[in-house]
There are 2 protein chains.
Amino acid sequence: MQLQKATDTAKRSYNDACGAAHALDLAGERWALLVIRELIFGPKRFSDLRADLPGISANVLTQRLEGLEAAGVLLRRRFPPPAATQVYELTPWGYEAEPIFVALGRWAARSPAHDPTLPLSAVSLMLSFRTMFDATRADGFKARVGFRLPRDGFVARAAKGRLRIRREEPREADVDALLAGPPPAVAAAAYGGVPLDQLETDGLLGLTGDRALAARFLSLFLLPPKAVAAPGVAD
Amino acid sequence: MQLQKATDTAKRSYNDACGAAHALDLAGERWALLVIRELIFGPKRFSDLRADLPGISANVLTQRLEGLEAAGVLLRRRFPPPAATQVYELTPWGYEAEPIFVALGRWAARSPAHDPTLPLSAVSLMLSFRTMFDATRADGFKARVGFRLPRDGFVARAAKGRLRIRREEPREADVDALLAGPPPAVAAAAYGGVPLDQLETDGLLGLTGDRALAARFLSLFLLPPKAVAAPGVAD
DNA sequence: CGGCATCCGGGAAGATACTG
DNA sequence: CAGTATCTTCCCGGATGCCG
């Protein structure tokens with residue numbers, strides 16, 4: 001019975017030529033954009049996606065992956081002989097979705113209801129760096145900072161007022177400083193004003209390398225001021 | 001029972017500090033972002049929102065307006081005595097959502113499945129101008145172009161490689177050219193390569209003022225090339 | 001007529017259990 | 001590990017009706 005869906009129910013769409021509406025047709029279902037977000041620094045396996053998206057259920061993740069694959073946003077890749085594992089990877093066009101997350105993040109950071117102390121995935125933390133990077137503050141600053149987060153590592157390179165971030169295991173010899181710990185602890189240092197020393201003595205964060213440089217690096221990211229809850233419309 | 005929240009209305013949330021996730025908590029429900037889109041050039045009434053969002057039902061629109069008001073994205077304004085009408089208007093922070101639509105639009109325009117011939121609201125058309133504006137093409141070009149669209153008018157001002165658009169009734173004396181017609185017809189001229197002359201003789205578009213300037217203006221907007229459906233993974 | 005509440009059917013999301 | 005199967009719950013969309 002449910003096979004007959006192609007004709008009468010033409011795949012719930014906004015039927016709107018507006019680009020934003022089409023984007024939501026492709027990725028507007030619950031969890032879809034967050035699945036893309038988790039893949040923005042490179043491929044992941046099904047179980048990693050589940051772990052990094054707490055709350056998503058397996059069947060919903062399966063549906064989203066199918067839908068996004070059909071939309072051309074991502075594809076699944078099999079590794080041939082020994083590692084029979086399978087990963088999901090964004091297509092080149094899928095990777096171009098990053099500005100969407102930057103725009104969403106910049107806007108939501110000013111929401112009166114935004115709570116930066118909630119859980120945070122490793123990808124979200126790195127994405128927040130790309131979102132909140134202050135180019136003028138970084139002027140003339142050059143640094144390579146490594147991150148060892150629960151599931152994977154990243155290396156952030158600040159230079160010439162730009163910030164590049166790649167997912168790769170940081171080697172101590174290749175970076176100026178290395179931070180190890182869960183993403184919320186790093187966020188507390190960058191956005192919460194918690195001193196690195198305190199996080200270290202509390203056992204939340206490990207730091208090796210140039211301590212002052214690490215602090216300077218973390219000061220490059222500023223949450224924008226919150227919008228007023230009630231705007232100034234005289235009444 | 002074992003879950004959190006004594007109040008059973010636990011308000012489904014991603015529970016994620018990531019800005020993008022919070023943005024979706026606020027405006028990720030169906031139609032919510034499109035409601036914001038329709039208000040991005042100024043306040044509208046309930047019935048205008050319904051008319052410009054074909055497919056939305058009254059109760060869903062009511063729910064979205066309530067939710068967005070509670071989130072501080074918009075507010076409802078009453079006009080006192082004579083005009084007992086009521087309008088919905090974005091808060092200052094709500095207006096800051098525009099980059100989200102630009103990012104979504106830029107990305108979706110490259111979707112293999114994007115169909116620019118679908119219906120288009122007046123706001124979507126103007127937003128597409130702001131999204132697809134090519135600053136280098138507009139270098140040294142200065143123009144004021146008015147639009148008379150079904151429900152309301154707009155004036156676009158290109159100058160110094162920038163484009164400003166305001167919702168206001170265009171007066172012939174104040175603009176260099178004036179286009180009148182339904183949004184899809186204007187879109188056909190800007191993006192579909194349909195000559196203005198043809199749209200005029202077909203009765204789809206009315207044009208007064210500087211014809212060459214209007215054509216030049218419409219050439220400032222270019223849809224990006226579509227992404228390849230299947231990326232270069234050898235198979 | 002504009003701005004909602006209410007009821008209902010279908011379908012999507014969420015939780016859990018199960019299978020290759 | 002990578003999903004599928006099943007069941008329940010909730011949301012979306014349409015219709016109707018109230019009320020200013």
Side-chain angles (χ1 to χ4, degrees), chain A residues 1-15 24-25 27-35 38 43-69 74-79 82-89 151, chain B residues 1-5 7-15 21 24-25 27-35 43-70 74-89 151:
Chain A
M1 288 308 178
Q2 62 187 114
L3 296 177
Q4 190 60 280
K5 70 188 290 187
T7 51
D8 48 356
T9 307
K11 198 163 186 281
R12 196 204 289 189
S13 155
Y14 289 116
N15 210 52
L24 296 172
D25 277 338
E29 294 171 288
R30 192 161 166 76
W31 293 108
L33 274 170
L34 299 190
V35 170
E38 284 304 318
K44 283 190 178 184
R45 291 177 305 178
F46 189 92
S47 53
D48 292 328
L49 287 169
R50 276 199 79 176
D52 294 329
L53 294 171
I56 198 172
S57 56
N59 50 8
V60 170
L61 179 53
T62 299
Q63 287 175 251
R64 291 303 161 270
L65 291 170
E66 285 170 355
L68 293 172
E69 185 177 19
L74 57 80
L75 47 85
R76 73 187 66 199
R77 264 177 35 193
R78 277 210 158 71
F79 289 107
T85 174
Q86 187 180 184
V87 296
Y88 295 88
E89 179 172 22
R151 204 174 319 290
Chain B
M1 296 308 179
Q2 59 184 20
L3 291 183
Q4 79 295 4
K5 259 336 206 172
T7 64
D8 47 359
T9 46
K11 197 143 195 292
R12 196 199 298 190
S13 156
Y14 289 116
N15 211 52
L24 296 172
D25 276 339
E29 294 172 286
R30 195 162 164 79
W31 292 108
L33 273 170
L34 299 191
V35 169
K44 283 190 179 184
R45 291 176 305 178
F46 190 92
S47 53
D48 291 328
L49 287 169
R50 277 201 79 176
D52 293 329
L53 294 170
I56 198 173
S57 57
N59 52 4
V60 170
L61 179 53
T62 298
Q63 287 175 251
R64 293 303 163 268
L65 291 170
E66 282 170 356
L68 293 172
E69 185 178 19
L74 58 80
L75 45 84
R76 70 188 68 198
R77 266 177 35 193
R78 278 211 155 71
F79 288 108
T85 175
Q86 188 178 182
V87 296
Y88 297 88
E89 179 172 24
R151 205 175 320 288

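Computed from a predicted structure; not experimentally measured. We name chains A, B, ... by the order of the sequence lines, and we start the count at 1 in each one.
- The side chain of Q86(A) approaches dG3(D) more closely than any other nucleotide in the set dG3(D), dC4(C), dG13(D).
- Listed by first and then second residue, the salt bridge (charged side-chain N to carboxylate O under 4.0 Å, His left out) pairs that reach into residues 51-60 of chain A are K44(A)-D52(A), D52(A)-R151(A), sequence neighbours excluded.
- Nearest-nucleotide mapping onto DNA chain D: of Y88(A) and G55(B), the residue sitting toward the 5' end is Y88(A).
- One finds a side-chain N or O of T85(A) lying less than 4.0 angstrom from the OP1 or OP2 phosphate oxygen of dA2(D).
- Protein atom CG of L65(A) is 10 Å distant from nucleotide atom P of dT4(D), rounded to whole Å.
- Among the nucleotides dA2(D), dG13(D), dG14(C), the one closest to the side chain of R45(A) is dA2(D).
- In this structure, E66(A) has no salt bridge (charged side-chain N to carboxylate O under 4.0 Å, His left out) partners at least two apart in sequence or on a different chain.
- The salt bridge (charged side-chain N to carboxylate O under 4.0 Å, His left out) test applied to R50(B) returns no partner, not counting sequence neighbours.
- Taking side-chain N and O atoms only, S47(A) has a distance below 4.0 Å to OP1 or OP2 of dA2(D).
- Not a single salt bridge (charged side-chain N to carboxylate O under 4.0 Å, His left out) links D25(B) to another residue, sequence neighbours left out.
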Extract from the structure each pairing of a protein N or O with an N or O of nucleotides 16-19 of chain D at less than 3.5 Å, listing the distance.
none

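- Under the rule for a ring-ring contact (aromatic ring centres under 6.0 Å, His included), the partners of Y14(A) that lie at least two apart in sequence or sit in another chain are W31(B).
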Tabulate below the donor-acceptor pairs under 3.5 Å that side-chain atoms of residues 54-63 of chain A make, not counting sequence neighbours, or state none.
unit_1 : atom_1 : unit_2 : atom_2 : d
S57(A) : OG     : N59(A) : OD1    : 2.7
T62(A) : OG1    : A58(A) : O      : 2.9

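- In DNA chain D, consecutive stretches of 3 or more Watson-Crick or G-U wobble pairs with both distances under 3.5 Å are given as paired ranges: C:3-20 with D:1-18.
- For R12(A), whose side chain is taken as the heavy atoms from C-beta onward, the closest listed nucleotide among dG3(D), dC12(D), dG14(C) is dC12(D).
- When distances run from any side-chain atom of T62(B) to the nucleotides dC4(C), dC12(D), dT4(D), the shortest one goes to dC4(C).
- R78(B) has no side-chain polar atom (N or O) that falls below the 4.0 Å cut-off from OP1 or OP2 of dG20(D).
- R30(B) places no side-chain N or O within 3.5 Å of a backbone atom of G28(A) that could act as its donor or acceptor partner.
- Take R45(B) and apply the side-chain contact (heavy atoms from CB on, under 4.5 Å) test, not counting sequence neighbours, and it matches S47(B), D48(B), T85(B), V87(B).
- Picking from dC4(C), dA15(D), dG3(D) the nucleotide with the shortest atom distance to the side chain of N59(B) gives dA15(D).
- Nucleotides of DNA chain D nearest to Q63(B) and R50(A) differ in position, and the one nearer the 5' end is that of R50(A).
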